[in-house]
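Nothing here was measured: the structure is a model prediction, and the numbers come from that model.
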Amino acid sequence: MPPDITTLEREARDLRVRISALNDELEVTNGLINAHYAKESGLLGRIARSDRAQGGLKIEHITFKTWAPSEPQAVSGYRLTGSGAYTTIHLNSPGFIIE
């Protein structure tokens, strides 16, 4: 005999709670991995240049590739020159060069 609807609903609710807790744990773990590689890479505070930020971008945040957590996929920071100086910009790789 299949389980009754009340049991199925309770199991579904319990599974959603477990999934939510696991997603929270995954987010924290990914943050720790990102912080480790950001520190290890030595890119924070350096200057990135690209067609979008020819005057340079001071790197304040790095996003790493999900399939290769030690390889930068994108950098964010603020422009150093131009009409948008000191506004935040996001650059994807390839396309930026680190000085």
Next on the checklist: Can you tell me how far apart NZ (K58) and CD1 (I47) are? Round to the nearest 0.5 Å.
Outcome noted: 6.0 Å
Checklist outcome for this item: Heavy-atom nearest pair, V75 first then A48, reads CG2-CB, 4.2 Å
Item to check | Pairwise distance CZ(R10) to CG(L8) - rounded to 0.5 angstrom | outcome: 9.5 Å
Checklist outcome for this item: The reported gap from CD in Q73 to CD1 in I62 (rounded to nearest 0.5 angstrom) is 12.5 Å
Checklist entry - Is a donor on one side and an acceptor on the other found under 3.5 Å between the side chain of S41 and the backbone of Y37? => result yes
Checklist entry - Okay, side chain of R46, backbone of I59: is any donor-acceptor separation there less than 3.5 Å? => result no
Next on the checklist: I need the full list of side-chain hydrogen bond (donor to acceptor under 3.5 Å, both in side chains) pairs touching residues 22-36, with sequence neighbours left out, sorted by first then second residue.
Outcome noted: H36-E40
Checklist entry - Which residues satisfy the salt bridge (Lys or Arg N to Asp or Glu O under 4.0 Å) test with E71, sequence neighbours excluded? => result K65
